[in-house]
Amino acid sequence: MSNVTIYHNPDCGTSRNVLALIRNSGVEPTVIEYMKTPPDRATLERLIAAMGTPVRDVLREKGTPYAELGLADPKWSDAQLIDCMLQHPILINRPIVVTPVGTRLCRPSEAVLDILPDPQQGAFSKEDGEPVIDAKGQRVQKS
């Protein structure tokens, strides 16, 4: 069993890039396609607490019922926002990655590099061709 878990949406380019970066470190993570197998309340609350981020920061707006549900309104409590995410898993921003080093919402995809326990094993470029890791397994510095 892997010590790295990704809450993954295969339809999301960022999520696919993060999964590929995890695999580029030589790890085959536990992949949870959260749209097919959404987390329960306790798991979602535990993930949010482990990230140390406000509940609102985990809400996804683009391509979701965020606007139609009026979730921008500050009247919603954290518990109510979590209720909405449980009812509509598409509202959970992704990917969330859990490793022994930490738990993080990995946006941008390079954020996963800060919590991977193992180094990158070779060059890596995102799906759009942007280089992230060089042939020596080091981060490419953005100019």
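One-based numbering along the sequence shown.
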Chemist: Which pair of non-hydrogen atoms, one from Leu44 and one from Met85, has the smallest distance, and what is that distance?
Modeler: CD2-CB, 3.9 Å
Chemist: Evaluate the criterion side chain to side chain contact (heavy atoms under 4.5 Å, CB included) for residue pair Glu130 and Val140; output intermediate values, then yes/no.
Modeler: CA-CA 10 Å; Glu130 178 187 343; Val140 173; over 6 Å; no
Chemist: According to side-chain hydrogen bond (donor to acceptor under 3.5 Å, both in side chains), who are the partners of Gln121, at least two apart in sequence or on a separate chain?
Modeler: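 Partners of Gln121 under the side-chain hydrogen bond (donor to acceptor under 3.5 Å, both in side chains) test: none.
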Chemist: Closest heavy-atom contact between Arg16 and Pro10?
Modeler: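 Minimum heavy-atom contact is NH1-O, 2.8 Å.
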Chemist: Any side-chain heavy-atom pair from Val98 and Val4 closer than 4.5 angstrom?
Modeler: no
Chemist: What is the minimum heavy-atom distance between Lys62 and Arg60, and which atoms define it?
Modeler: O-NE, 3.3 Å
Chemist: Side chain to side chain contact (heavy atoms under 4.5 Å, CB included) for Leu91 and Leu81? Distances and angles first, verdict last.
Modeler: CA-CA 9 Å; Leu91 287 167; Leu81 293 173; over 6 Å; no
Chemist: Looking only at side-chain N and O atoms, does Thr14 offer a donor or acceptor that is under 3.5 Å from a partner on Asn17?
Modeler: no
Chemist: Count I, L, V, M, F, W, Y as connected when their side-chain heavy atoms are under 4.5 Å apart, and connections chain through other members. Are Met35 and Ile6 then in the same cluster?
Modeler: no
Chemist: Which of these passes side-chain contact (heavy atoms from CB on, under 4.5 Å) with Leu21: Val112, Val97, Val27?
Modeler: Val112
Chemist: Check the hydrophobic clustering (I, L, V, M, F, W, Y; side-chain heavy atoms under 4.5 Å; chains of links allowed) and say if Val31 and Ile115 are grouped together.
Modeler: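 Yes, Val31 connects to Ile115 through the hydrophobic network.
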Chemist: Before giving the answer on side chain to side chain contact (heavy atoms under 4.5 Å, CB included), spell out for Leu116 and Asp118 the whole-Å C-alpha distance, their side-chain angles and the decisive distance to 0.1 Å.
Modeler: CA-CA 6 Å; Leu116 287 177; Asp118 299 308; 5.9 Å; no
Chemist: Give a yes or no on whether Leu71 and Ile48 share a hydrophobic cluster (residues Ile, Leu, Val, Met, Phe, Trp, Tyr; joining criterion: side-chain heavy atoms under 4.5 Å apart).
Modeler: yes
Chemist: Count I, L, V, M, F, W, Y as connected when their side-chain heavy atoms are under 4.5 Å apart, and connections chain through other members. Are Leu105 and Leu113 then in the same cluster?
Modeler: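 They do not share one cluster, since no chain of ILVMFWY contacts under 4.5 Å joins Leu105 to Leu113.
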Chemist: Does the side chain of Pro29 reach to within under 4.5 Å of the side chain of Thr5, using non-hydrogen atoms?
Modeler: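 Of all side-chain heavy-atom pairs linking Thr5 with Pro29, none is under 4.5 Å.
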Chemist: Using modelled atom types only, decide if a donor and an acceptor are shared between the side chain of Asn24 and the backbone of Gly122 within a distance under 3.5 Å.
Modeler: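 Confirmed, Asn24 side chain pairs with Gly122 backbone.
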Chemist: Measure the shortest side-chain to side-chain distance between Gln120 and Lys136 over non-hydrogen atoms and say whether it is less than 4.5 angstrom.
Modeler: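 They are not in side-chain contact.
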Chemist: At their closest point, which heavy atom of Gly13 faces which heavy atom of Glu127, and how far apart are they?
Modeler: CA-OE1, 3.9 Å
Chemist: For Gly70, does its backbone N or O pair with a side-chain atom of Trp76 as donor and acceptor, under 3.5 Å?
Modeler: yes
Chemist: Could you report the tightest heavy-atom contact between Tyr66 and Ala72, atom names first, then the distance?
Modeler: OH-CA, 3.3 Å
Chemist: Report yes or no: does Ser15 contribute a side-chain atom to a donor-acceptor pair with the main-chain N or O of Cys12 at less than 3.5 Å?
Modeler: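 No: the side chain of Ser15 does not pair with the backbone of Cys12.
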Chemist: How far apart are the closest heavy atoms of Pro39 and Leu86, and which atoms are they?
Modeler: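 Pro39 and Leu86 have their closest heavy atoms at O-CD2, 3.3 Å.
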Chemist: Under 4.5 Å between any side-chain heavy atoms of Val58 and Val55, yes or no?
Modeler: no
Chemist: When you look at Ile32 and His8, which way does the side chain to side chain contact (heavy atoms under 4.5 Å, CB included) test go after all the steps?
Modeler: CA-CA 6 Å; Ile32 298 173; His8 177 60; over 6 Å; no
Chemist: Show me the pairs that pass salt bridge (charged side-chain N to carboxylate O under 4.0 Å, His left out) and involve residues 96-108, at least two apart or across chains.
Modeler: Arg104-Asp114
Chemist: Starting at CG of Leu19, measure out to OG of Ser109 and round the result to the nearest 0.5 Å.
Modeler: 11.5 Å
Chemist: Just jot down the side-chain hydrogen bond (donor to acceptor under 3.5 Å, both in side chains) partners of Arg23, sequence neighbours excluded, or say none.
Modeler: Glu28
Chemist: Using a 3.5 Å distance criterion without hydrogens, assess whether the side chain of Tyr7 forms a donor-acceptor pair with backbone atoms of Arg94.
Modeler: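 Here the side-chain-to-backbone pair does not exist.
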Chemist: Between Glu45 and Ala42, is there a donor-acceptor pair closer than 3.5 Å when you use the side chain of the first and the backbone of the second?
Modeler: no
Chemist: Mark yes or no for whether Thr64, through its side chain, and Glu61, through its backbone, hold a donor-acceptor pair below 3.5 Å.
Modeler: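 Pair found, side chain donor or acceptor close to backbone of Glu61.
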Chemist: Indicate if Ile96 and Val101 have the same hydrophobic cluster label, given that clusters are the connected sets of ILVMFWY residues with side-chain heavy-atom separations under 4.5 angstrom.
Modeler: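 Ile96 and Val101: separate clusters.
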